[in-house]
Each structure stands twice: as structure tokens, then as C-alpha cells.
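First comes the structure, then the notes that go with it.
Both ligands and their constituent atoms are indexed starting at 1 by order of listing.
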Amino acid sequence: MSEQFDNTAGPLTTESGAPISNNNQSEAAGVGGPLLIQDQVLLEKLAHFNRERIPERVVHARGAGAYGTFTVTADVTKYTKAKFLSQVGKETETFLRFSTVADSLGGADARRDPRGWALKFYTEEGNYDLVGNNTPVFFIRDAIKFPDFIHTQKRDPYTGSQEADNVWDFWSLSPESTHQVTWLFGDRGIPASYRHMDGFGSHTFQWVNEAGEQFWVKYHFKTDQGIKNLTQDEANKLAGEDPDSHQRDLRESIERGDFPSWTVQVQIMPAAEAANYRYNPFDLTKVWLNEDYPRITIGKLELNRNPQNIFAEVEQSIFSPAHFVPGIGPSPDKMLQGRLFAYGDAHRYRVGINADHLPVNRPHATEARNGNRDGLGYDGRHGGQKNYEPNSFGGPYETGQPLWAPLQLNGATGEWETPKHAEDDDYVQAGKLFRLMSEDEQDRLIANLSGFIAKVSRDDIIERAIANFAKADETYGKRLAAAVAELRK
Ligand code: HEM
């Protein structure tokens, strides 16, 4: 650890500032006697210690973060009016928290698991959060399935462990997961570090320009460090030897001035083309093909400053897919729509109603102005300002300018499935991905998948799981069936 931190000179004090005479012996009723309730130093210290933890994130509990700079490198004003994207060369401060998904806070980094990619842009029009992953797609396409999915990734209520039966039962009954599962068990399923992987906004978002024209956009962050992955064997070893491998790698690289960076690219679809695209562009289990919508490079992201206090700046950091700025908005993707609710709700539970006021979370390039007040942890920042709107005392006022453009809709409300477009089914892109892999990578994919599937205790679940891969690609299914049969001999 190369950073040096100063201690404040002066005597130890209680929280109320009174000097502490003895921090090593508690106060007893006579030599060898029981302790006294008047020992404020002991009581305050024990009570504070009991309250050190806040609830860990229900997913993505393990993470590491760093501050950085986003720089615009191409003119995108014809697509969005977002001010932080308005000029080539413009810089915006950022904070990025990487994470793994399924493990709890005390787990290990080198796991086969998607990596979270939560990026906060501190823009002059408010904070814009892009809460994505290192994968362009996801396992499911409707938010209502997310808690069930995560329950199968976490600990079983009876055994207290992750169970192959639960994982494969759910995936095999949710064939839309075949694409993401193929991705996850391929080489990119265990990145060597947070620096050696790409990031994605994953969902489709709306961009809207000054003239009100709408575009659909997907974000890609291409690592300038190059993609580097771990094999399953390498990861198993590293997870045991250095559970904090990703976190350490990120901190140390920034400490030595080797700042990691990513080339920022977008795919842009004019709004009118969405209805007829070969895949439903709002289905999170699908990518848009690069040949249909080529990636355009628009910026550079560099991480160059470590947080000084992990609890304050990483554990208490909050990111919400609902944090938009003028010129950027949601798409009707059913996953994204559910997430627009879930994160603010999680923050209020996990960090409290004033989580947005903490230094890492509040706007840095503007300030929050509204009538929200008080609550646990409120710091009195508004002084005597009026706490209502409209007011005639010069208080903040509404703009009348929605952040994003309205969607045209028709039809009835209902529990509708995500509509299928001409080439949509649950398997087509999984098959494409399998066939894109080199023979070596296919071998590793089959070995990784079969090793896990072979742990399932029920034949019907195994058969159903393999059938999904066979629908993606016949060879894929056949090879997997043979490998699982071999392991279960
Ligand atoms: C409807 C589906 C989803 C729900 C309900 C959901 C819910 C949550 C919740 C409750 C948290 C913890 C937030 C906190 O305590 O601060 C979280 C964290 C996170 N989620 Fe999701 N999630 C969903 C899907 C996704 C998807 C599709 C992605 C990526 C494409 C994603 C990426 C992340 C990331 C990166 C974090 C960690 C944020 C951080 O670093 O603080 N989630 N999610």
C-alpha cells in the first residue's frame, strides 16, 4: 500500500469531544470487579461498532470503485442535447463502481459471474448514471423474473449454498437465458481483472436532440488494456489465494499512475427503424448486430483517482438507471422499466433517505434544488430556505422541459410478452455466438458448462437444459450431451 494518510494530532475524544483518559482499560467497580454503566467511552465504542455495517447490496455486493474523467471525442449533437456530450474535448468527472453479482460481500473476485459496470457522470445538468454490466445482454427480459432468477444464483434456503439444481432448473425453464449463459461460460465469463474487460449499458436508451428527434442508443466501453480472461482452473486458484484480486489490481494500477481507460462507442438507431428491426431492439437478451448498426466512437473514459475511504465512497455509493439528464431517457425495455423503480428503493433501504446527499452521490457540477427535507441523517443543508414550490421567495422553479421525448403507444394494458420481431426466438443469437467461438473456446465452453450441469441431481432438468443449447446449435447440444454423459458415468 503506497498511499500515506495523516492522523489528526491531539488526544482521543468521545463522539461528543470529551478527552479520553484510557482506551485500553474499561472502568470497573473495584479491582477485578464488574463494569460500570457510567463508562461512556466503553458503551459508546461498543454501540458504534455494532452499527458499522449497513445492509450489503442484495446483488453486486462485492465491488471496487474509482473516479475518472470522460472526454468527448466526436460530435453527437445531432443525436442528443445532453450538455456533457455537447462539444468535442469536453470533460466530465465520473465515478465507476465495478462488481461481481452473485457473491456476498465477503466472497471472492475471481468468479464466473457477470461484472457490474456502474458509471456516474457528474454533469452540469445533474448526475447521469449508466448501470450496466460487462455483457451486452442479460439472462431474462422481464423485471418480474429478476428476484426468482437471483434466488437461484444465491444460497438455497435449506442447504445455505448455491445449488446447481436451482440454477439449471431456472435457466432451463427460461430459454431466453441461453444467449447470456453461452456468453458466461465462454472465455469472457471470468475476466482477469476489472481493467481487462469491456463495459456495456446493455439496455437500449433514448437519445433526443435539440429538435426533439429521437434515437435509440446502446453504449459500449472497449477496454484499452485489451481483453484478458482467466480459465476456470486459474480462477479457482486465484479466488483462494487472493479473494480481492480485482479490487487490488484496480487500486494498484491507479496508484502507480497506470490509468485504465476505455474507448466509448455507441450504436444508434433512428427511432422510426425500431418497429421493423429484425430483433426487438428492446429485448435485453439480444444484441443489435454491428453490421446493422455499426459502433461509432464518441469518447474516452479514464480512471485516475482512488477513493480514500471504501465505506464512504464505494459501499455507500448509489447508482440508479433512473438518473437521467436532459437528452437521455429510458426505452420501453421491460427490464429497464423495472429497474427504474428498484434502485432508488434499494438505496432508501440500504443507505437511507438522504443517500443522495453523500459526497460521492451528490451532483458535483450542479446542485440539487427541491422541497425534499429532513429524514434520518439530514444535514440541514437548506438552512432557512422555503421548502415548497411554487413560492414567491425566489425558490427553485419547474422548467416545463421534459428530459426525454414521449413514446407513441396504442393498444390495451396487459401482461403482454415482449413482442417478437421477424428473426426473434430465444436461441438464434446463442447459436451465432457459439459458431463465432474458436474451436479452443468451444472446447472450454463445453467443459465449463458440462462440469456444472453434471452436478444437477435430476435427469429431467439436465435434459431440458441441454435441449435449449441444442436448439441454439445442433453441434453445441450434441457435444454438451456427450460431455455431461461422460461426467455422469
Ligand atoms: C429488473 C431487473 C433488475 C433488478 C430488479 C435489479 C436490482 C438491483 C438492486 C436492488 C441492486 C442493488 C442496488 C443497491 O443496493 O445500491 C442492483 C445492483 C446492480 N445492478 Fe441490478 N437489477 C436488475 C437488473 C440488472 C441488469 C440487467 C444489470 C446490467 C445490465 C444490472 C446491473 C447492476 C449493477 C452494475 C449493480 C451494482 C450497482 C452498484 O455498483 O452500486 N442489474 N440491482
Side-chain angles (χ1 to χ4, degrees), residues 53-67 94-105 109 113-120 127 129-154 174 176-177 179-180 183-184 191 194 197-205 218-221 246-247 250 282-287 303 307 310-323 330-353 355-356 358 360-361 418:
R53 299 284 177 271
I54 58 173
E56 66 177 42
R57 290 166 175 82
V58 65
V59 281
H60 297 262
R62 283 188 67 72
Y67 297 91
T94 58
F95 182 69
L96 174 50
R97 180 177 179 271
F98 302 100
S99 48
T100 54
V101 181
D103 237 339
S104 44
L105 190 49
D109 288 339
D113 201 12
R115 301 296 186 269
W117 174 279
L119 177 59
K120 191 180 293 298
N127 292 347
D129 291 352
L130 197 54
V131 197
N133 277 340
N134 68 329
T135 69
V137 291
F138 200 69
F139 301 90
I140 49 174
R141 61 167 74 92
D142 194 312
I144 203 163
K145 295 185 73 161
F146 187 78
D148 297 288
F149 164 57
I150 293 299
H151 287 167
T152 69
Q153 294 287 309
K154 294 265 190 185
S174 306
E176 70 272 29
S177 65
H179 187 196
Q180 170 79 310
W183 197 101
L184 184 62
Y194 289 138
M197 62 181 209
D198 292 343
F200 297 88
S202 305
H203 299 280
T204 296
F205 295 93
K218 280 198 185 283
Y219 298 89
H220 302 250
F221 298 80
H246 286 13
Q247 176 170 331
L250 179 66
F282 311 121
D283 172 357
L284 185 58
T285 68
K286 300 274 169 37
V287 295
L303 298 182
I310 302 283
F311 181 82
E313 294 161 84
V314 182
E315 190 62 11
Q316 293 199 116
S317 62
I318 60 169
F319 300 85
S320 171
H323 289 169
S331 73
D333 173 340
K334 290 177 97 179
M335 288 288 287
L336 175 59
Q337 291 284 319
R339 296 180 70 203
L340 299 178
F341 160 75
Y343 289 68
D345 188 53
H347 304 152
R348 289 185 279 271
Y349 163 66
R350 185 171 69 79
V351 194
I353 191 62
D356 296 281
L358 296 172
V360 67
N361 297 328
T418 301

To which protein heavy atom is [atom] closest, and what is the distance rounded to 0.1 Å?
| atom | value |
| --- | --- |
| atom 13 (C) of ligand 1 | A346 CB, 3.9 Å |
| atom 35 (C) of ligand 1 | G132 O, 3.2 Å |
| atom 38 (C) of ligand 1 | A118 CB, 3.9 Å |
| atom 41 (O) of ligand 1 | R57 NE, 2.8 Å |

Nearest 0.5 Å please: distance from the [atom1] atom of [X] over to the [atom2] atom of [Y].
| X | Y | atom1 | atom2 | result |
| --- | --- | --- | --- | --- |
| N361 | I318 | CG | CD1 | 4.0 Å |
| I54 | E315 | CD1 | CD | 5.0 Å |
| Q180 | I140 | CD | CD1 | 10.5 Å |
| S174 | R141 | OG | CZ | 10.0 Å |

For ligand 1, which atoms, with element, lie under 4.0 Å from some heavy atom of [X]?
| X | result |
| --- | --- |
| S202 | 30 (C) |
| H347 | 14 (C), 16 (O) |
| R350 | 14 (C), 15 (O), 16 (O) |
| W117 | 35 (C) |
| V58 | 10 (C) |
| A143 | 1 (C) |

Tell me whether R97 has any N or O atom under 3.5 angstrom from an N or O of ligand 1.
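Among all N and O atoms of R97, at least one is under 3.5 Å from an N or O of ligand 1.
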Provide the protein N, O or S atoms situated under 2.8 Å from atom 21 (Fe) of ligand 1; waters are not included.
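As for protein N, O or S atoms lying under 2.8 Å from atom 21 (Fe) of ligand 1, they are Y343 OH.
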Are side-chain N/O atoms of R339 and H203 paired as donor and acceptor at under 3.5 Å?
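Yes, because at least one side-chain N or O of R339 sits under 3.5 Å from a partner of the opposite role on H203.
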With no hydrogens and no angle check, do the side chains of R115 and H246 hold a donor and an acceptor under 3.5 Å apart?
yes
Can you name the nearest heavy-atom pair linking E56 to S104, along with the distance?
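Answer, listing the atom of E56 first, then S104: OE2-CB, 3.1 Å.
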Side chains of [X] and [Y]: closer than 4.5 Å at any heavy-atom pair?
| X | Y | value |
| --- | --- | --- |
| V101 | Q153 | no |
| L336 | F282 | no |
| V314 | F95 | yes |

How about OH on Y349, more than 12 heavy atoms from neighbouring residues, nucleotides or ligands closer than 6.0 Å, or not?
no
Can you tell me if I144 has over 12 outside heavy atoms packed within less than 6.0 Å of its CD1?
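Result for CD1/I144: open.
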Residue-ligand contact [X]/ligand 1, heavy atom below 4.0 Å:
| X | result |
| --- | --- |
| G338 | no |
| G63 | no |
| I140 | no |

Between L284 and ligand 1, which residue portion shows a heavy-atom distance shorter than 4.0 Å: side chain, backbone, both, or neither?
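It is the side chain that gets close, since no backbone atom is under 4.0 Å.
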With K218 as the cation and F200 as the aromatic partner, state whether NZ or CZ is under 6.0 Å from the six-membered ring centre and within 45° of the axis.
no
